[in-house]
Protein chains: 2
Amino acid sequence: MAGPLDRIDLKILRLLQNSGRLSNAELAETVGVSPATCHRRTQRLFDEGFIGEVRAMVAPRKVGKGALVMVGVVLDRSTPESFAAFERAIAKLKFVLDCHLVAGDFDYFPKIRVGDMEDFNRIHGDQLIALPGVRQTRTFFVMKEVVDNAPLDF
Amino acid sequence: MAGPLDRIDLKILRLLQNSGRLSNAELAETVGVSPATCHRRTQRLFDEGFIGEVRAMVAPRKVGKGALVMVGVVLDRSTPESFAAFERAIAKLKFVLDCHLVAGDFDYFPKIRVGDMEDFNRIHGDQLIALPGVRQTRTFFVMKEVVDNAPLDF
DNA sequence: GATGAAATCCGAGTCAC
DNA sequence: GTGACTCGGATTTCATC
């Protein structure tokens with residue numbers, strides 16, 4: 001069942017990545033198979049986890065989340081427990097869009113969306129530096145969003 | 001026409017953000033209005049740009065893009081022309097998921113997805129340091145994706 | 001083992017109110 | 001905003017290769 005993807009599966013994946021609300025009928029016609037076949041293949045892409053979820057991209061500025069900030073975080077100690085505690089805590093913060101453990105001068109790199117700089121400063125003082133094990137943070141305010149959340153190229 | 005969003009509009013937005021393929025009938029029932037009303041409201045959310053596009057989230061590892069890298073970029077000069085040239089060039093690179101102009105020790109912060117470290121090293125040497133005006137780059141390999149592309153909280 | 005044709009059922013989209 | 005109505009698509013079944 002969990003076979004590799006053929007050219008048609010890849011076409012479906014790419015189409016749904018760019019237009020997640022395409023109907024099965026439209027998909028079927030575009031990729032050149034019958035609606036029944038297309039339906040089965042699309043189902044499989046979901047069932048086997050090739051597609052996680054389908055998400056409407058909400059315009060951040062339209063819902064009062066126009067400010068984007070990246071933060072370099074350094075922890076006190078580099079122990080597994082320290083990392084785990086930090087990760088558990090930051091995963092709960094809803095304004096964190098992205099946060100990865102990296103190799104280099106920082107430990108983590110959260111990307112945060114808030115209403116404005118004032119919001120961020122409050123959150124930084126109240127919640128970020130209070131996260132478990134944080135020794136230091138370095139804030140990078142985003143002045144211009146050049147490429148934001150581009151679709152995956154595959 | 002471009003009025004503010006009421007509680008029902010927000011509900012629709014949130015539902016579509018988490019399940020972009022919900023049918024209008026399901027949406028309508030969940031938010032508690034008739035299908036006709038729901039259809040009109042949803043249409044408006046698209047027409048007025050509250051929702052940009054709907055995207056199937058493809059699992060990166062399943063399509064051979066398991067490696068994530070963040071790169072701090074410093075340009076030679078801080079002139080508008082220099083920034084513009086860099087932005088035009090990096091926006092064309094398909095493996096760049098994110099790239100923002102920031103305030104702080106770096107100028108730009110591209111986030112890049114590739115197959116593996118070897119891929120990245122090739123790309124770094126061939127394409128990143130060759131971008132117009134790049135003086136220096138600092139690479140942060142992602143060792144663990146803690147939060148990736150979380151939905152917007154609003 | 002996968003396909004497409006057909007058949008059923010349900011939702012999309014539009015109307016009048 | 002709702003209710004009804006029509007049309008077309010979603011989803012299943014089944015014969016076929």
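The cationic atom of B/Arg138 (NZ for Lys, CZ for Arg) does not lie both less than 6.0 Å from the six-membered ring centre of B/Phe106 and within 45° of the ring axis.
Stem analysis of DNA chain D (at least three stacked-register Watson-Crick or G-U pairs, each with both distances under 3.5 Å) gives C:1-17 with D:1-17.
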Check your understanding: Going through the distances and angles, do A/Lys65 and A/Phe95 end up as a side-chain contact (heavy atoms from CB on, under 4.5 Å)?
Key -> CA-CA 9 Å; A/Lys65 300 287 173 179; A/Phe95 49 81; 5.9 Å; no
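With 3.5 Å as the limit, one finds a donor-acceptor pair spanning the side chains of B/Asn149 and A/Asn149.
Rounded to a whole Å, the CD1 atom of A/Ile12 is 13 Å from the C1' atom of C/dT3. Rounded to whole Å, atom P of C/dG13 lies 18 Å from atom CZ of B/Arg41.
Residues A/Pro151 and A/Asn18 form a side-chain contact, since some pair of their non-hydrogen atoms from C-beta on lies under 4.5 Å apart.
With sequence neighbours excluded, the residues that form a side-chain contact (heavy atoms from CB on, under 4.5 Å) with A/Lys94 are B/Asp153.
The environment of A/Glu145 atom CD is dense: over 12 non-hydrogen atoms of other residues, nucleotides or ligands sit within 6.0 angstrom.
Ion pair A/Lys144/B/Glu87 flagged as a salt bridge, since at least one NZ, NE, NH1 or NH2 atom sits closer than 4.0 Å to an Asp/Glu carboxylate oxygen.
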Study note, to complete from the structure: Once base and sugar-phosphate atoms are separated, protein heavy atoms under 4.0 Å mark nucleotides 2-17 of chain D, 5' to 3', with B, S and - as BB-----SSBB-----
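Using a 30° and 60° split on the angle between ring planes, A/Phe83 and A/Tyr108 fall in the perpendicular class, above 60°.
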